[in-house]
*Asks:* 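My structure is below; once you've seen it, I'll send some questions.
For the numbers below, each heavy atom of this structure counts, side chains included, while hydrogens, waters and symmetry mates do not.
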Amino acid sequence: MKAFHFDFNTAFFRMDYLERFIRKLREYGYDTLLWELEDFVRWDSVPHASQCDSISKAKLRKLLDSACELGFENIPLLQCLGHCEYVLHHPEYAHLADAPGMLSPYCPSNGKVLEFLAAWLKEYMALFADSRYIHLGCDEVWQLGEKCPACQQRIAQSGKGALMAEHINFLSKIVLQQDKTPVIWADMLLIHPEMAGILNKNTVTADWRYELRYDREKLWLWDDKGGYLTDGSGITETIRHDFGKYLYVNDKLNIHYTTDFLRDRGFKVICAGASSCYPDNFLLGNASNHIFNSCTMMRKGMENLGYLHTSWTVHLFFYELQPAIELASSSGDCRKLMDDYTQTHFGIGGEEFFAALDMLSARVLFSGAESTGCGKAVKEPAPGIIRRRLEEYQNSGILLPQLDTTIRSLPLFEAAWAKLLDLQTRITRGGELFSLYILAARTLVNRARFGILAASEFLGMPHNIDRLAVKEELMLLKESYLPEYMKRQTDEHARRMVRIIFDPLLDCL
């Protein structure tokens, strides 16, 4: 299996764009599509959780049929525990939350939640009748049981891992009764490895990790705050106790110890990499890292059930600026793959091009989606969000370090932009795509200048940024981005994208 993950949390793609992009995915060797649809579709089970441009199930079915004709298997993904903000922010469904006022997760101790999810799962499985799998999500459930007395009692009796495993088993039984196989993200199982002894072994685990690279001997160690990357010095006694026999292979760190653990505990495993994820800035991601990561995870995935390529639209930047989508491969030299990419698309070598992209990969002030008010829980930036973020950063002690990062990044951004403009004079093809990279570089330069201006003035520090020039450039960039988003997304969502990216900054100026 080589699967591509469509995420509709922030982006509602145009149907004609999806059709064209799916054909390209086939050319890149993908054979499976994972559809995280959320409120992109109007569901009978959740009639109040739709947007003005949500599509009908019949319209989606037509797209799924087209994908089938191209040779794809379609798999649905319904988040069944966390990441349910798009449902719970509607007052009609607020009673399903783990505690009043929370937007995630659902409460697994609430019988109405189980009835709700069971009905919705059946609606999904009817629409995806030909699919062998259904993905139940269940990742990043950080706040489970924090306020719910019933969940707290169950956690006190048998642990948080058991609470999640019992919930997943309830849902998996519904899926298995329809002769389909349940899939979950593996992170919570790896944080609570006792779940391995409780979960139904017919559950497929998707082992996602976006920092792992075969050219770097570093592990990701999961913990209840997410986790961290380490060269081995950060391995704790708890990690050694839970995963000790898997951490090393031939006296070297085993970067895929989690996959080996899952497989050894009786689960089939899909390995997942990414071309867009945290901590990418929302204009251009860390392309080189994503290419190495996706090839690393695909290589391991081919030893297991397969590979899943994720691209999280909350990070906003175009699929066309995510070369890892095209270059994910289980074999080959990544540097050669990168050179092949630039030769194919632009008729130039890859070294200078990807070096310029590396210089643009830093996250600076207000270059992350959440910094301007966008996120899974909030779809529109709130008035005054820049001032509020500056206050939050100052109160948490990170404003000065972020300002320093932004000041140091600005000359790198400017040099990378100049390098891309120079390379543009040498390309022999692909001018439209190349111009998107230049637009992203130009916007990041403007973003860094704005960040220095806003933070310095907030702190009462001197700066040499021209306020009027920054504002005029912001307005020009907004005009440039809107038609690009209009080519890819529904009109309403295209306009929302540029509001997220530019309006909070313009309002501040």
*Asks:* Among residues at least two apart in sequence or on other chains, which ones pass ring pair (Phe, Tyr, Trp, His ring centres under 6.0 Å) with Tyr228?
*Replies:*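 Once residues adjacent in sequence are excluded, Tyr228 has no partner under the ring pair (Phe, Tyr, Trp, His ring centres under 6.0 Å) criterion.
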*Asks:* Atom CG in Leu33, atom CG in Leu63: separation rounded to 0.5 Å?
*Replies:*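 Going from the CG atom of Leu33 to the CG atom of Leu63 covers 8.5 Å.
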*Asks:* So, for Tyr248 and Tyr257, is the gap between ring centers shorter than 6.0 Å?
*Replies:*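 No, they do not, as the ring centres are separated by 6.0 Å or more.
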*Asks:* Kindly state each residue pair satisfying side-chain hydrogen bond (donor to acceptor under 3.5 Å, both in side chains) with at least one member in residues 12-29, sequence neighbours excluded.
*Replies:* Arg14-Asp16, Tyr17-Glu320
*Asks:* How about Phe128 and Tyr133: are their ring centres within less than 6.0 Å of each other?
*Replies:* no
*Asks:* To the nearest 0.5 Å, what is the distance between OG1 on Thr313 and CD on Gln489?
*Replies:* 7.5 Å
*Asks:* Using a strict 4.0 Å threshold on nitrogen-to-oxygen distance, state whether Asp224 and Lys160 make a salt bridge.
*Replies:* no
*Asks:* Relative to Tyr307, does Lys2 satisfy both conditions: NZ or CZ under 6.0 angstrom from the six-membered ring centre, and within 45 degrees of the ring's axis?
*Replies:*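 Not satisfied by the 6.0 Å and 45° rule.
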*Asks:* Could you note down all residue pairs passing ring-ring contact (aromatic ring centres under 6.0 Å, His included) where residues 260-282 supplies at least one of them, sequence neighbours left out?
*Replies:* Phe243-Phe261, Tyr246-Phe261
*Asks:* Provide the full list of side-chain hydrogen bond (donor to acceptor under 3.5 Å, both in side chains) pairs with a residue in residues 194-212, sequence neighbours left out, each pair given once.
*Replies:* Asp187-Trp208, Asn200-Asn202, Asp207-Thr258, Asp207-Thr259, Arg209-Glu211, Tyr210-Thr310, Tyr210-Trp312
*Asks:* Listed by chain and number, what are the side chain to side chain donor-acceptor pair (under 3.5 Å) partners of Arg61, not counting sequence neighbours?
*Replies:* Asp65
*Asks:* Tell me, please, which residues at least two apart from Phe317 pass ring pair (Phe, Tyr, Trp, His ring centres under 6.0 Å).
*Replies:* none
*Asks:* Quick one: list whatever passes ring pair (Phe, Tyr, Trp, His ring centres under 6.0 Å) with His192, sequence neighbours left out.
*Replies:*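 Applying ring pair (Phe, Tyr, Trp, His ring centres under 6.0 Å) to His192 gives none.
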*Asks:* Could you pull out all residues at least two apart from Asp130 that satisfy side chain to side chain donor-acceptor pair (under 3.5 Å)?
*Replies:* none
*Asks:* Charged N to carboxylate O under 4.0 angstrom, Asp503 versus Lys478?
*Replies:* yes
*Asks:* Who are the ring pair (Phe, Tyr, Trp, His ring centres under 6.0 Å) partners of His135, not counting sequence neighbours?
*Replies:*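 Listed in chain order: Trp185.
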*Asks:* Decide, yes or no, whether a salt bridge links Arg488 with Glu484 under the criterion of side-chain N to carboxylate O below 4.0 Å.
*Replies:* yes
*Asks:* What residues, two or more places apart in sequence or in another chain, satisfy side chain to side chain donor-acceptor pair (under 3.5 Å) together with Ser66?
*Replies:* none
*Asks:* Can you tell me which residue pairs pass the side-chain hydrogen bond (donor to acceptor under 3.5 Å, both in side chains) test with a partner in residues 104-122, sequence neighbours excluded?
*Replies:*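 Qualifying pairs: Ser109-Arg154.
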*Asks:* Using ring centroids (six-membered ring only for Trp), state whether Tyr86 and Phe8 fall under 6.0 Å.
*Replies:* no
*Asks:* If you round to the nearest 0.5 Å, how far is CG of Asn289 from SG of Cys277?
*Replies:*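 Between Cys277 SG and Asn289 CG, I get 7.5 Å after rounding to 0.5 Å.
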*Asks:* For Gln322, enumerate each residue passing the side chain to side chain donor-acceptor pair (under 3.5 Å) test, keeping only those at least two apart in sequence or located in another chain.
*Replies:* Ser275, Ser311
*Asks:* Kindly compute the distance separating CG (Leu144) from CE (Met102), expressed to the nearest 0.5 Å.
*Replies:* 8.0 Å
*Asks:* Is there a donor-acceptor pair under 3.5 Å between the side chain of Asn293 and the backbone N or O of Ala274?
*Replies:* yes
*Asks:* Taking 4.0 angstrom as the limit, do Glu123 and Arg42 come out as a salt bridge?
*Replies:* no
